[in-house]
Amino acid sequence: AAILLAVEIVPATVGAQKRDLTKPAIDIASFVGCATKDGARWILTQASEPIATGMPFSSRAEIEDARSTPLGSRTYVLIGVTEFYRDPDAIRVLRETAIAALIRKSHEETPLRIWVPGCASGEEAYTIGIEISETLRAMGQSRRFRIIATDVHRRSIDVASAGVYSEAALQNVPDHLRSRYFRKHRDKRIVDPDLRQKIIFSVHDVLSDPPFMHLDLVSCRNMLIYLNDGPQARVISMFLFGLRTNGYLFLGPSETLGKYANKFEVEDARWRLFRKTSGQTVVDRSMLAAPLRGRPAGTSAPITSPEDAP
């Protein structure tokens with residue numbers, strides 16, 4: 001899963017008040033760089049006990065800063081919930097059902113195109129890149145593929161683009177894959193350049209920017225659960241619009257397709273792997289007016305439309 005979740009930190013005396021958490025008291029769109037205000041459900045917690053919430057503060061100073069938040073003010077902390085090989089059984093299903101089928105059934109001269117929205121610090125995108133590479137290796141094929149990994153948070157994109165991770169972050173990666181796709185440098189691991197060059201990281205807001213097109217796979221695990229019904233439907237319509245017929249959509253185990261369920265075939269119910277069977281284009285046309293923001297990592301030209309992504 002990969003989403004940056006906005007969490008509202010308030011003093012305990014304020015936290016005791018009843019509030020509709022789907023309607024935050026103030027607008028944080030400018031803080032996280034979102035153009036959309038109605039997307040997220042806000043999680044209310046008490047600033048007196050920030051550690052108990054499981055929020056990954058990067059330093060003790062951040063915790064103390066949250067505890068000293070003045071009465072009535074608000075602080076927002078971005079939470080990245082992603083890791084390498086999260087839910088290994090789900091990754092196995094993706095490899096055996098979707099990736100292998102895409103390689104077998106698509107034309108060799110046409111590169112596979114994958115989109116990982118809400119990629120946070122990049123672990124999911126690299127995991128999928130490894131699985132595609134390993135499947136190609138097992139099938140004895142040499143195929144080009146491009147993963148477009150996006151997130152609204154610039155700092156997370158910078159981390160993902162650098163491709164430098166701690167040994168602890170790689171604990172779920174099988175040993176032989178860790179050796180093959182990550183180079184050891186002091187106490188860190190660096191993503192192998194051959195894998196890194198297959199992935200574009202770019203700033204993009206899935207709630208307001210246009211979708212990418214001609215996609216064979218969209219992996220968006222555990223992001224939709226943090227959206228209200230309207231934004232959920234809008235995002236799924238974006239995926240439906242961007243996917244090729246017989247392309248795959250990979251969601252989190254608690255997520256559903258809602259009103260678009262009849263546009264997909266269920267490939268694995270437990271791990272929410274779906275295949276697009278409809279050739280119909282269903283999209284909120286107003287979403288296509290805004291230009292994409294940001295640029296692919298390692299390039300000088302910004303992405304200005306979904307078609308610009310290689």
Quick check: does any side chain N or O of His204 sit under 3.5 Å from a backbone N or O of Ala149, one acting as donor and the other as acceptor? no

Roughly how far, to the nearest 0.5 Å, is the OG atom of Ser161 from the CZ atom of Arg196? 4.0 Å

Note: Glu124 and Val116 closest approach over all heavy atoms is CG-CG1, 4.0 Å

Applying side-chain contact (heavy atoms from CB on, under 4.5 Å) to Cys220 and Trp115, what does each step give before you reach the verdict? CA-CA 8 Å; Cys220 185; Trp115 181 20; over 6 Å; no

From OG (Ser166) to CZ (Arg189), nearest 0.5 Å: 11.0 Å

Ion pair Glu255/Arg221, N-O distance below 4.0 Å: no

Is there side-chain contact between Lys276 and Leu249, with at least one heavy-atom pair below 4.5 Å? no

Are the side chain of Arg154 and the backbone of Val203 linked by a donor-acceptor contact shorter than 3.5 Å? no

In the structure I gave you, are the side-chain heavy atoms of Leu227 and Leu207 within less than 4.5 Å of one another anywhere? yes

Answer yes or no: are there more than 12 heavy-atom neighbours, outside His107 itself, under 6.0 Å from its atom NE2? no

Show the nearest heavy-atom pair for residues Ala120 and Thr82, with the distance to one decimal. CB-CG2, 3.8 Å

Answer yes or no: is there an ion pair linking Arg244 with Asp216, defined by an N-O contact shorter than 4.0 Å? yes

Hey, does the side chain of Gln232 reach the backbone of Leu224 with a donor-acceptor pair shorter than 3.5 angstrom? yes

Minimum heavy-atom separation for Asn222 to Pro253, with atom names? OD1-CD, 3.5 Å

Can you tell me how far apart CD1 (Ile99) and OH (Tyr248) are? Round to the nearest 0.5 Å. 10.5 Å

Assess the side chains of Tyr85 and Glu131: does a donor N or O sit below 3.5 Å from an acceptor N or O? yes

Looking at Gly230, is its backbone amide N or carbonyl O close enough to the side chain of Asn228 to form a donor-acceptor pair, meaning the two atoms are under 3.5 Å apart? no

Can you tell me how far apart CD1 (Ile114) and CG (Leu215) are? Round to the nearest 0.5 Å. 8.5 Å

Determine whether Val235 and Met223 make a side-chain contact, defined as any pair of heavy atoms from C-beta on separated by less than 4.5 Å. yes

Same cluster or not: are Leu195 and Leu170 linked, directly or through other Ile, Leu, Val, Met, Phe, Trp or Tyr residues, by side-chain heavy atoms under 4.5 angstrom apart? yes

Between NZ on residue Lys198 and CD1 on residue Ile132, distance to nearest 0.5 Å: 10.0 Å

Using the rule that Ile, Leu, Val, Met, Phe, Trp and Tyr join whenever any side-chain heavy atoms are under 4.5 Å apart, tell me whether Val164 and Val191 fall into a single cluster. no

Arg178 with Asp175: basic N within carboxylate O range, under 4.0 Å: yes

For Ile91 and Thr127, run side-chain contact (heavy atoms from CB on, under 4.5 Å): C-alpha distance rounded to whole Å, both residues' side-chain angles, the deciding distance at 0.1 Å, then the answer. CA-CA 8 Å; Ile91 299 299; Thr127 297; 4.1 Å; yes

Would you give the length of the straight line joining atom CD1 of Ile147 to atom OG of Ser219, rounded to the nearest 0.5 angstrom? 9.5 Å

Can you find a pair of side-chain heavy atoms, one from Leu257 and one from Leu251, that are under 4.5 Å apart? yes

Specify the closest pair of heavy atoms between Val173 and Phe84, including all atoms of both residues, with the distance to one decimal. CG2-CB, 3.6 Å

Do Arg143 and Thr110 pair up side chain to side chain, a donor and an acceptor below 3.5 Å, judged on atom types alone? no

Is any side-chain heavy atom of Phe239 closer than 4.5 Å to a side-chain heavy atom of Phe274? no

Please answer whether the main-chain N or O of Glu109 pairs with a side-chain N or O of Arg144 as donor and acceptor at a distance below 3.5 Å. yes

side-chain contact (heavy atoms from CB on, under 4.5 Å) for Ile103 and Met139? Distances and angles first, verdict last. CA-CA 9 Å; Ile103 293 172; Met139 297 174 71; 3.8 Å; yes

Val159 with Phe182, same ILVMFWY side-chain cluster at under 4.5 Å: no

Between Val218 and Pro117, is there a side-chain heavy-atom distance shorter than 4.5 Å? yes

Leu177 with Ile190, same ILVMFWY side-chain cluster at under 4.5 Å: no

If you compare all heavy atoms of Ile199 against all heavy atoms of Arg146, which two are closest, and at what distance to 0.1 Å? N-NH1, 4.0 Å

Using the ring centroid of each side chain, check whether Phe201 and Tyr126 are separated by less than 6.0 Å. yes

From CA spacing to verdict: side-chain contact (heavy atoms from CB on, under 4.5 Å), Arg113, Ile148: CA-CA 8 Å; Arg113 286 171 58 86; Ile148 307 161; 3.9 Å; yes

Under 4.5 Å between any side-chain heavy atoms of Glu134 and Tyr181, yes or no? yes

Quick one, Leu217 and Leu112 - any side-chain contact, counting heavy atoms below 4.5 Å? no

Heavy atoms of Ala100 and Glu96 approach each other most closely as CB-O, 3.8 Å

Has Lys259 got more than 12 heavy atoms of other residues, nucleotides or ligands less than 6.0 Å from its NZ? no

